[in-house]
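Quick caveat: nothing in here was measured; it's all calculated off a predicted structure. Heavy-atom basis, side chains included; hydrogens, waters and symmetry copies ignored.
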Amino acid sequence: MSDVNKTTNQQWGGRFSEPVDAFVARFTASVEFDQRMAKQDIQGSIAHGKMLASVGVLTEEECDQIIQGLTEIEEEIARGEFEWSIELEDVHMNIEARLTQKIGITGKKLHTGRSRNDQVATDIRLYMRDEVDFLLDEVTRLQQGILSLAEKEADTIMPGFTHLQTAQPVTFGHHLMAWYEMMQRDYERLMDCRKRINILPLGAAALAGTTYPIDRNMTAELLGFERPTYNSLDSVSDRDFAIEFTSAASIIMMHMSRWAEEMVMWASAQFNFIYLPDRFCTGSSIMPQKKNPDVPELVRGKTGRVYGHLMGLLTLMKSQCLAYNKDNQEDKEPLFDTVDTLKGSLRAFADMIPAIESRKEHMYEAARRGFSTATDLADYLVGQGVAFRDAHEVVGKAVGYGVKEGKDLSEMTLEELQAFGDMIKSDVFDVLTLEGSVAARDHIGGTAPAQVLAAVARAKTELEARLA
């Protein structure tokens with residue numbers, strides 16, 4: 001047989017005189033992980049086929065055959081009956097080969113006017129759009145859980161910390177609403193990221209577009225994209241949207257890791273601020289008394305994993321010349337793992353946060369320690385006409401006395417306090433109580449229980465509008 005008549009086992013094999021080495025075939029194949037985009041690949045192919053028929057590249061009969069065949073293949077995959085082949089490299093070629101097997105030569109016509117380069121770029125965007133929509137729903141569910149708990153704990157007093165030292169009294173509800181605000185920014189980042197995901201690269205072909213009379217606006221409309229991309233070179237090589245998503249995911253994980261750190265501390269015997277239900281914890285194989293906060297600990301640990309994927313994707317792209325390079329096959333595993341890790345972490349927290357129970361007495365007692373109302377005393381002195389810097393010094397001396405005597409400011413007598421300034425009157429004890437301190441910050445964003453409830457109400461209105 002002459003070399004001209006030899007065939008290879010790849011659909012792109014006309015240029016090659018021998019089959020790819022078996023190891024190389026396995027090494028370069030991506031089907032083991034990119035098959036999760038099969039639904040999106042079929043979705044994109046159906047739209048591409050309809051577009052080709054509309055411009056006369058395919059007949060209506062051929063288009064119908066293709067759609068029927070692809071629909072049957074999607075059903076085979078859903079039933080777990082589809083046989084994936086490493087020799088066919090990726091999800092695209094596996095599906096195309098099966099389509100050709102089912103409907104004959106018409107299946108080979110589907111790839112007219114496109115390349116695997118713009119096909120995979122389209123698949124990833126379709127996949128990411130679906131996943132971002134799911135993640136947005138999970139973020140909303142987590143926010144609802146935070147609001148539910150914050151409303152219940154609006155007047156539960158606890159210490160607020162800076163440098164992990166007792167600073168000023170706050171409420172648990174107010175602290176929870178800080179978590180809500182972080183997650184609100186995360187929601188907005190994901191929404192913004194989605195805008196840049198939702199642009200269609202299909203039609204860029206390998207890198208330079210195609211000579212066929214394609215209608216990219218039609219394809220974009222069929223697939224729900226905002227518009228087609230505007231440059232064919234950038235279309236097939238752009239992975240900014242994947243990096244941006246992984247960056248947004250890293251920030252979300254950072255936020256949840258901060259919460260996780262607080263929950264791990266608060267659930268410990270040393271703090272005893274909260275109770276985590278048993279279903280979110282595990283025990284020890286040797287110490288019968290142990291109850292380990294594994295869910296928050298794992299989320300805290302998985303954060304580094306997502307950070308690593310972000311750095312991996314940035315490094316992947318940093319030296320690539322235009323346009324597409326095989327390097328870009330390495331974008332999928334870190335991206336897919338980031339999606340899976342974020343989905344699992346959000347689900348765990350959305351289930352766990354509303355189930356947290358506060359240990360009010362321990363929180364209150366902790367707020368009493370550490371002179372948490374010192375700033376309130378300084379503000380009181382300012383109200384008596386003392387310059388703030390002078391008031392700061394007076395209170396500092398009072399705290400020094402309290403440390404020496406083992407007394408909190410609220411435990412000192414009026415005579416003891418007046419030793420540091422005769423402008424101090426008996427009404428000072430109104431501001432030295434924890435309740436008075438918290439209630440005094442009665443402004444938007446403040447710690448007063450009424451303000452916490454107002455913040456919850458505003459947030460609920462925003463979520464209702466989002467879900468409408």
Side-chain angles (χ1 to χ4, degrees), residues 11-12 30 33-52 54-55 57 66 70 89-93 95-96 110-133 190 192-248 313-314 316-317 320-336 338-339:
Q11 295 182 3
W12 43 258
S30 60
F33 51 84
D34 69 14
Q35 61 183 262
R36 75 159 63 190
M37 299 190 300
K39 173 185 173 183
Q40 288 78 20
D41 192 75
I42 290 171
Q43 185 181 355
S45 290
I46 289 174
H48 183 65
K50 288 180 178 179
M51 182 276 295
L52 290 178
S54 76
V55 298
V57 174
I66 287 171
L70 289 172
E89 291 192 46
D90 54 35
V91 60
H92 328 294
M93 292 174 70
I95 290 174
E96 184 180 329
L110 175 60
H111 206 56
T112 305
R114 73 176 181 184
S115 162
R116 281 190 296 169
N117 294 355
D118 62 342
Q119 188 178 359
V120 68
T122 301
D123 288 1
I124 296 173
R125 287 174 182 268
L126 287 169
Y127 169 82
M128 287 307 305
R129 191 177 67 188
D130 290 344
E131 294 298 340
V132 167
D133 287 344
L190 283 176
D192 199 50
C193 175
R194 191 187 188 281
K195 295 176 186 177
R196 281 171 288 283
I197 291 172
N198 199 33
I199 302 172
L200 174 72
L202 198 62
L207 77 161
T210 177
T211 58
Y212 293 96
I214 60 172
D215 184 346
R216 297 189 67 209
N217 286 313
M218 176 185 176
T219 311
E221 185 176 350
L222 286 171
L223 292 172
F225 282 103
E226 185 67 26
R227 62 170 175 84
T229 53
Y230 293 148
N231 182 279
S232 61
L233 289 168
D234 183 58
S235 298
V236 297
S237 60
D238 169 39
R239 293 298 182 271
D240 290 2
F241 64 92
I243 294 171
E244 185 178 0
F245 168 77
T246 311
S247 174
L313 288 171
L314 285 166
L316 173 71
M317 297 303 300
Q320 286 198 43
C321 302
L322 291 170
Y324 181 84
N325 301 280
K326 189 66 169 177
D327 311 46
N328 285 350
Q329 182 171 296
E330 289 297 302
D331 65 349
K332 296 170 194 62
E333 288 176 289
L335 188 59
F336 294 163
T338 296
V339 168

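The two atoms that bring Thr112 and His48 nearest to each other are O-NE2, 2.8 Å, heavy atoms only. Scanning both residues, Val236 and Asp118, for their nearest heavy atoms gives CG1-N, 3.9 Å.
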Trace of the side-chain contact (heavy atoms from CB on, under 4.5 Å) decision for Asp90 with Val120
CA-CA 10 Å; Asp90 54 35; Val120 68; over 6 Å; no

Working for side-chain contact (heavy atoms from CB on, under 4.5 Å), residues Val339 and Met128
CA-CA 9 Å; Val339 168; Met128 287 307 305; 4.1 Å; yes

List the steps and the verdict of side-chain contact (heavy atoms from CB on, under 4.5 Å) for Glu96 and Leu110.
CA-CA 8 Å; Glu96 184 180 329; Leu110 175 60; 5.7 Å; no

Validation: residues 37-45 side-chain donor-acceptor distances under 3.5 Å, sequence neighbours left out:
unit_1, atom_1, unit_2, atom_2, d
Gln40, NE2, Asp130, OD2, 2.9
Asp41, OD1, His92, ND1, 2.7
Asp41, OD1, Gln119, NE2, 3.0
Ser45, OG, Asp41, O, 3.1
Ser45, OG, Arg114, NH1, 3.1
Ser45, OG, Arg114, NH2, 3.2

Identify each donor-acceptor pair in which a side-chain atom of residues 197-206 lies under 3.5 Å from a protein atom, sequence neighbours left out, and give them as a table.
unit_1, atom_1, unit_2, atom_2, d
Asn198, OD1, Arg129, NH1, 2.7
Asn198, ND2, Gly224, O, 3.4

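Every residue meeting the ring-ring contact (aromatic ring centres under 6.0 Å, His included) condition with Tyr127, not counting sequence neighbours, appears here in chain and number order: Phe336. Under the rule for a side chain to side chain donor-acceptor pair (under 3.5 Å), the partners of Ser30 that lie at least two apart in sequence or sit in another chain are Asp34. Judged as a side chain to side chain donor-acceptor pair (under 3.5 Å), and not counting sequence neighbours, Glu330 has no contacts. Residues that satisfy the side-chain contact (heavy atoms from CB on, under 4.5 Å) test with Lys326, not counting sequence neighbours, are Thr28, Glu89, Gln329. Qualifying side-chain contact (heavy atoms from CB on, under 4.5 Å) partners for Ile243, counting only residues two or more places apart in sequence or in other chains: Leu310, Leu313, Leu314, Met317.
Pairs engaging residues 199-223 under the side chain to side chain donor-acceptor pair (under 3.5 Å) rule: Arg216-Thr229 [sequence neighbours left out]. Residue pairs meeting the salt bridge (Lys or Arg N to Asp or Glu O under 4.0 Å) criterion with at least one partner in residues 224-244, sequence neighbours excluded, are Arg125-Asp238, Arg196-Glu244, Arg239-Asp331.
Note that CG of Leu190 is 12.0 Å distant from CD of Glu131, once rounded to the nearest 0.5 Å. To the nearest 0.5 Å, atom CD of residue Glu333 and atom OG1 of residue Thr338 are 11.5 Å apart.
You'll find the side chain of Ser237 stays beyond 4.5 Å of the side chain of Gln320, heavy atoms only. Phe225 has its side chain within reach of Leu126: a pair of non-hydrogen atoms, C-beta onward, lies under 4.5 Å apart.
Annotation for Lys332: atom NZ counts as buried by contact number, over 12 foreign heavy atoms lying within 6.0 Å.
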